[in-house]
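Below is one structure, written out as structure tokens; comments come after it.
Every heavy atom of this structure was used, including side-chain atoms; hydrogens, water molecules and symmetry mates were not. Indexing begins at 1, ligand by ligand and atom by atom, following the structure's order.
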Amino acid sequence: MPANNAMDAARETLRGVFGYDAFRPGQERVIAATLAGRDVMAVMPTGAGKSLCYQIPALVMEGVTIVVSPLISLMRDQVNALIHSGVRAAYINSSLTPRQHMLALDNARRGVYRIIYVAPERLMTPSFLSFARSVRIAQVVVDEAHCVSQWGQDFRPGYLQIEPFVASLPVRPPVSAFTATATEAVRRDIIRLLKLSDPYGVTTGYDRPNLFFEVRRPGDRDMELLRFVREHAGQSGIVYCATRKGVEETTRMLQRNGVDAVGYHAGMADEIRASAQEDFVGDTAPVIVATNAFGMGIDKSNVSFVVHYNMPKDLESYYQEAGRAGRDGEDAVCCLLYQPADVHLNQFLIEHSMETSDLDGPTQEIVIERAKERLKQMTYYATTGGCLRARILQYFSETPESPRCGSCSSCLHEQAERDVTREAGLIVSGVMAMGGRYGKGIVARVLAGEKDAKIRERGLDKLSAFGCLRSEGEANIRAMIDELVIDEALEITDGQYPLVKPGPRARETLLGDEPVRMTLRTASAADAAPAAGRVKPKKLVDKKLLSRLIALRRRIAEEQHVPPFIIFTNATLRDMAHKQPANRREMMRVDGVGKGKMSRYGEAFLREIAAYAQQE
Ligand code: ADP
Ligand code: ZN
């Protein structure tokens with residue numbers, strides 16, 4: 001263990017520089033291990049607070065900390081945030097001009113910076129090596145460490161230079177590796193390839209209590225997405241699409257319907273992409289539609305929702321992407337729009353994924369088999385009636401606290417098995433009355449008694465079957481139709497417009513010869529309150545004050561050309577509106593206000609709060 005006073009200094013830094021009262025799970029242990037000089041291998045989910053795990057030791061230990069990071073945008077954001085907290089930091093990557101590059105290294109050599117972010121490809125360049133050999137290095141940090149593994153999803157050959165770089169230093173500093181996703185195989189690869197020596201291992205729970213998980217299985221994804229976005233109007237979110245074309249179409253669809261959305265994918269011109277990201281990060285465009293390949297580049301803490309327009313290929317990808325929501329600790333929603341076609345598309349992609357691979361035949365087969373198994377697990381998540389959070393945690397080999405979390409769409413729409421012999425008969429007779437000439441959507445809406453234009457035009461609201469299952473709702477009727485197709489009581493035709501017709505066993509079902517049982521949503525569960533204890537009670541916040549603080553933050557952000565969350569996160573503003581500090585000392589008690597931020601922005605926000613208090 002490090003000397004107590006080192007940990008005291010760490011706690012003081014947490015408070016004084018970053019403005020937080022307590023460590024989050026895992027942070028303290030990682031910091032203690034680093035301060036004791038040990039290597040670290042930490043697997044912590046997105047939003048767990050990995051950055052502080054190395055930034056705090058960087059400020060406590062002597063010497064400079066080198067952070068290897070894969071993405072220019074991530075480095076820029078991190079360095080910006082540090083500078084705003086009063087920490088001297090810089091980055092070195094291909095976005096610098098040769099002059100800026102030289103200047104940064106000169107400063108670094110003179111000990112101006114405590115933390116330097118660097119792209120892996122820069123490590124072994126002569127200029128960087130000569131700098132690194134001439135100063136005292138406190139620690140080398142490897143962010144997104146799974147990039148070193150070929151088994152990982154984002155293999156980056158440059159990461160293989162990290163180990164030779166460390167080995168070439170006159171004194172080997174402690175090395176710590178951080179990642180949000182790592183299966184056992186990837187974790188072993190990280191330790192082996194980075195030559196971590198007896199690393200202190202930390203795996204904090206995968207659970208993200210502030211995220212609400214939801215699966216929707218819509219007939220029409222566009223309509224469902226619009227509905228979702230409208231339910232979350234005024235919030236900021238990401239919509240992930242599987243393809244570039246999907247990104248463009250969906251962006252246009254949203255814009256046509258009055259949603260301020262921007263699109264983002266690798267095929268777009270650099271400046272368009274950069275401005276899209278800026279609009280999103282700066283809160284001018286609340287919704288960004290992007291391909292999942294770019295999840296890592298979008299770094300913003302106040303994302304209130306992540307919608308997947310298509311089902312990804314595995315739960316690793318899904319959880320990593322969905323996890324970009326709610327990094328500020330505020331409640332956020334992760335919604336997956338699922339259609340069975342997603343499975344076929346992914347299967348196709350897996351089968352063709354090896355066409356340009358150098359792997360030998362048998363290895364290819366193993367890789368494909370594994371990918372198919374992962375897809376199966378993903379599909380199970382998308383179709384299960386069980387608790388979604390429990391599914392995720394079990395997938396990552398964690399035991400959930402309880403089999404039902406009370407804070408996912410399955411738990412809210414609890415399902416139960418019951419006798420639906422009568423309902424099944426009504427559906428079959430309804431299909432007969434409609435002459436087998438309509439698709440599932442219309443049949444379900446007629447039986448549910450919904451009077452839309454199409455139904456009125458065709459006179460379907462005059463049928464005696466109209467509204468005969470009103471109490472079930474459209475979703476349950478659709479689910480029952482699916483089951484009745486499996487039972488052969490109904491048939492669905494092939495072709496562009498599949499129609500529902502009576503099947504070979506329609507008669508038996510109509511007569512109720514055999515009891516029919518199905519698992520369906522219980523009516524009461526649909527509007528039941530979430531289980532107590534899971535969803536944390538919201539702080540009492542003065543909404544009017546909060547919106548003034550948000551407006552002030554926006555003005556400052558625009559003046560200084562930085563994204564708003566760099567000034568204060570939403571969680572901090574919320575806490576500020578709750579505590580309503582009247583002086584500097586009280587302001588320093590607000591979560592997320594440290595000395596650096598206090599001296600930069602504290603007065604402005606105190607004035608705003610005082611002005612507000614006087615008016616009220
Ligand atoms: P990760 O890299 O693990 O995804 P970050 O390091 O970006 O997560 O941290 C996520 C958010 O949590 C940031 O806004 C950060 O300031 C905040 N945070 C980190 N540690 C704490 C803490 N101990 N208390 C409160 N907030 C914290
Ligand atoms: Zn649940």
Looking only at distances, can you tell me whether any N or O atom of Arg327, backbone or side chain, sits closer than 3.5 Å to an N or O atom of ligand 1?
yes

Just to be sure I read this right, does ligand 1 sit under 4.0 Å from the backbone of Ala22, its side chain, both, or neither, counting only heavy atoms?
backbone

side-chain contact (heavy atoms from CB on, under 4.5 Å) partner of Phe23, chosen from Ile56, Leu52, Val30
Ile56

Classify the ring geometry between His308 and Tyr240 as parallel (under 30°), tilted (30 to 60°) or perpendicular (over 60°).
tilted

After noting the C-alpha distance and the side-chain angles of Lys50 and Asp143, does the key distance pass the salt bridge (Lys or Arg N to Asp or Glu O under 4.0 Å) rule?
CA-CA 9 Å; Lys50 287 185 282 296; Asp143 202 7; over 6 Å; no

How does Pro45 reach ligand 1, by side chain, by backbone, by both or by neither, if only non-hydrogen atoms under 4.0 Å count?
backbone

Restricting to heavy atoms, the pick from Ala42, Ser51, Gly329, Gly326 nearest atom 6 (O) of ligand 1 would be Ser51

For Arg24, is at least one N or O under 3.5 Å away from an N or O on ligand 1?
yes

How wide is the angle at the Zn ion (ligand 2) spanned by Cys408 SG and Cys405 SG, rounded to 10 degrees?
110°

Aromatic plane relationship, Phe568 with Tyr601 - under 30° parallel, 30 to 60° tilted, over 60° perpendicular
perpendicular

Quick one: does ligand 1 sit under 4.0 Å from the side chain of Met44, the backbone, both or neither, non-hydrogen atoms only?
neither

Suppose I only count heavy atoms of Gly49 and a 4.0 Å limit; which atoms of ligand 1 are within that range?
1 (P), 3 (O), 5 (P), 6 (O), 8 (O), 9 (O), 19 (C)

Is the shortest side-chain N to carboxylate O distance from Glu603 to Arg584 below 4.0 Å?
yes

From atom 3 (O) of ligand 1, work out which of Gln27, Lys50, Glu28 has a heavy atom at the shortest distance.
Lys50

Centroid-centroid distance, Tyr206 to Tyr395, less than 6.0 Å
no

Would you call Arg76 and Glu278 a salt bridge, taking side-chain N to carboxylate O under 4.0 Å as the test?
no

Specify side chain, backbone, both or neither for Phe18, according to which of its non-hydrogen atoms lie closer than 4.0 Å to ligand 1.
neither

Okay, side chain of Asp314, backbone of Ser317: is any donor-acceptor separation there less than 3.5 Å?
yes

Taking distance alone, with no angle check, do Leu52 and ligand 1 share an N/O pair under 3.5 Å?
no

Residue Phe23 vicinity, atoms of ligand 1 by number, heavy atom under 4.0 Å:
23 (N)

